[in-house]
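Worksheet: one structure, shown below.
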Amino acid sequence: MSDDDRPRLVLIHGAWAGPWVWDGLLEPLAELGWEAEPLALPGDGFHPIRPEEATVADFERCITDAIDAAPGPVVLVGHSGGGMLVTLGAALRPERVSHGVWIAGFLLPDGRLFDAVEAAIAEPEDLPIGVGPHIVPSEDGLVTTVAPVAAVEHFFQDAAPEVANGVAQRLTPQPVSGARLSTVAGPDFAELPKLYLLATDDRSVLPEAQRHMCEGVPALSVVEIGTGHAPQLTQPSAVAGILDDWLRG
C-alpha cells in the first residue's frame, strides 16, 4: 500500500467511553503516516444526542456519516462494544470499508448479542461474567453505568493508578440501544480483511470470550497483546505498530 493509497482510520470507542480513549494512539499513528478520526457516538457526551434518547437508527447514521465523510476508503477500528459498529459499517457501506479491526471487541457477525458469547464460555451459575456484575441499569432501562472503582478494576487495571482513576471518572452513561445492537454481516464480510487484537489480561471482555468470537471467522488475523481491556490507552505505540504492520502487509 503506497502512502497515496492509505485509507483513513475511523476509531470507534466502546461502552461508557468517549473519543478521548483514543487520544494516546493518535500521535503514534500519525508518526507512521496514518490519518485517524476518533468518532463521537450518540450518548457519549461529545455527540449531540443524549444517552437516553439514542436509537439504533442514530448509531447506524453515525457510522455511515463517518464513512461517507472520508475522501476515500476507511479502516473501521472498534474497541470493545464499538466492534459491533465495525461489522455494521462494513455491512452498510461495503464499497467504502477496506479493512476491519477489533480491539478486544465484539465480533458478532451472525447477529448474536454478547450475552450468547458469555453463555457459551461460562457455566450458568457463573453468569454474568467479566464486568457484567458491575453494570448498573437506570430505573427506566434506557442507559447503564459502571462505577469508577469497578472500571479501574476491569478496564484499566494495567494503567498507572493516576491514569486509571482519571479515565474511570470520565466514563458516562451508555445507551442500551447502542450496547445491544444486532449486527449481521453483509455478503462481502467474508472477504473483508480483518484483524483482531486480543487482550490477554482483559478482565472485562475475557480472553476466552475474545477467542470464542474469533473462531471460524474468515479472513481474520489474530494478534495477542499482553494488556488489559484498553491497550490503545496503556500501550498505544505497540497498538499503532501492530496496525501499521498489518495494514502494510
(message) Is there a side chain to side chain contact (heavy atoms under 4.5 Å, CB included) between Leu108 and Thr87? Walk through the geometry before answering.
(response) CA-CA 8 Å; Leu108 304 167; Thr87 306; over 6 Å; no
(message) With a 4.5 Å cut-off on side-chain heavy atoms, are Phe59 and Leu41 touching?
(response) yes
(request) State plainly whether one hydrophobic cluster holds both Ile12 and Leu192, where clusters connect Ile, Leu, Val, Met, Phe, Trp and Tyr through side-chain heavy atoms under 4.5 angstrom apart. (result) yes
(message) Distance check, rounded to the nearest 0.5 Å: Ile242 atom CD1 versus Ile225 atom CD1?
(response) 4.5 Å
(request) Considering non-hydrogen atoms only, spot the tightest contact between His154 and His229 and give its length. (result) O-CB, 3.9 Å
(message) I need the Leu9 CG to Leu247 CG distance, nearest 0.5 Å.
(response) 6.0 Å
(message) Using every non-hydrogen atom in the two residues, find where Val131 and Ser204 come nearest and quote the distance to one decimal.
(response) CG1-OG, 3.5 Å
(message) A side-chain contact here means heavy atoms from C-beta on lying under 4.5 Å apart; do Trp102 and Val86 qualify?
(response) yes
(message) Using side chain to side chain contact (heavy atoms under 4.5 Å, CB included), reason through Glu37 and Leu39 one step at a time and then give a plain yes or no.
(response) CA-CA 6 Å; Glu37 175 196 359; Leu39 191 60; 4.1 Å; yes
(request) Enter the distance from Leu92:CG to Thr64:OG1 here, rounded to the nearest 0.5 Å. (result) 6.5 Å
(request) Decide yes or no for Leu107 and Leu220: does some side-chain heavy atom of the first lie under 4.5 Å from some side-chain heavy atom of the second? (result) yes
(request) Side-chain contact test, heavy atoms from C-beta onward, threshold under 4.5 Å: evaluate it for Asp115 versus Arg180 and give yes or no. (result) yes
(request) Determine, for Arg203 against Glu153, whether the closest basic-nitrogen to carboxylate-oxygen distance falls under 4.0 angstrom. (result) yes
(message) Taking atom CD as the centre, does Glu191 end up with more than 12 heavy-atom neighbours from other residues, nucleotides or ligands that are less than 6.0 angstrom away?
(response) no
(request) Say whether, by atom type as modelled, one donor and one acceptor occur between the side chain of Arg8 and the main chain of Val75 under 3.5 angstrom. (result) no
(request) For the residue pair Met213 and Tyr196, establish whether any side-chain heavy-atom pair is separated by less than 4.5 Å. (result) yes
(request) Output, in order, the C-alpha distance, side-chain angles, deciding distance and verdict of side chain to side chain contact (heavy atoms under 4.5 Å, CB included) for Val117 and Arg112. (result) CA-CA 8 Å; Val117 175; Arg112 289 181 298 166; 4.2 Å; yes
(message) Tell me whether Trp22 shares a hydrophobic cluster with Ile67, the cluster being built from Ile, Leu, Val, Met, Phe, Trp, Tyr side chains joined at under 4.5 Å.
(response) no
(message) Using the rule that Ile, Leu, Val, Met, Phe, Trp and Tyr join whenever any side-chain heavy atoms are under 4.5 Å apart, tell me whether Leu198 and Leu25 fall into a single cluster.
(response) no
(message) With heavy-atom distances below 4.5 Å as the criterion, would you say the side chains of Leu195 and His99 are in contact?
(response) no
(message) Less than 4.5 Å apart, side chain to side chain, heavy atoms only: is that true for Val97 and Val74?
(response) yes
(request) Flag yes if more than 12 heavy atoms outside Glu31 fall under 6.0 Å of its CD atom; otherwise flag no. (result) yes
(request) Could you tell me the separation between the CG atom of Leu32 and the CG atom of Asp244, rounded to the nearest 0.5 Å? (result) 4.5 Å
(message) Determine whether Trp34 and Leu243 satisfy the following criterion, side chain to side chain contact (heavy atoms under 4.5 Å, CB included), listing intermediate values before the conclusion.
(response) CA-CA 10 Å; Trp34 296 99; Leu243 293 175; over 6 Å; no
(request) Working to the nearest 0.5 Å, report the span between OG of Ser98 and CZ of Arg6. (result) 12.5 Å
(message) What's the separation between atom CD in Glu224 and atom CG in Leu197, rounded to the nearest 0.5 Å?
(response) 9.5 Å
(request) Could you tell me which non-hydrogen atom of Ile103 sits nearest to which non-hydrogen atom of Pro231, and how far apart they are? (result) CG2-CG, 3.5 Å
(message) If we ignore hydrogens and angles and just use 3.5 Å, is the side chain of Asp158 paired with the main-chain N or O of Gly228 as donor and acceptor?
(response) yes
(request) Please report the shortest heavy-atom distance between Asp58 and Glu53, naming the atom on each side. (result) OD2-O, 3.8 Å
(message) Let me check something: do Val10 and Met84 share a hydrophobic cluster, defined by ILVMFWY side-chain heavy atoms less than 4.5 Å apart, either directly or through other members?
(response) yes
(message) For Trp16, run the side-chain hydrogen bond (donor to acceptor under 3.5 Å, both in side chains) check against Thr172, Asp44, Thr144 and tell me which one passes.
(response) Thr144
(request) Answer yes or no: is there a donor N or O on one side and an acceptor on the other, between the side chain of Arg170 and the main chain of Trp20, under 3.5 Å? (result) no
(request) For residues Trp246 and Ser221, report the shortest heavy-atom separation together with the two atoms involved. (result) NE1-OG, 3.5 Å
(request) Using a 4.5 Å cut-off on heavy atoms from C-beta on, say whether the side chain of Leu26 contacts that of Leu11. (result) yes
(request) Look at the rings of Phe114 and Phe106 and say which category their plane angle falls in: under 30° parallel, 30 to 60° tilted, over 60° perpendicular. (result) parallel
(request) Could you tell me which non-hydrogen atom of Ala199 sits nearest to which non-hydrogen atom of Gln210, and how far apart they are? (result) N-OE1, 3.0 Å
(message) Does Arg50 have more than 12 heavy atoms from other residues, nucleotides or ligands lying within 6.0 Å of its CZ?
(response) no
(message) Applying a strict under-4.5 Å side-chain criterion to I, L, V, M, F, W and Y, I'd like to know whether Leu233 and Val152 cluster together.
(response) no
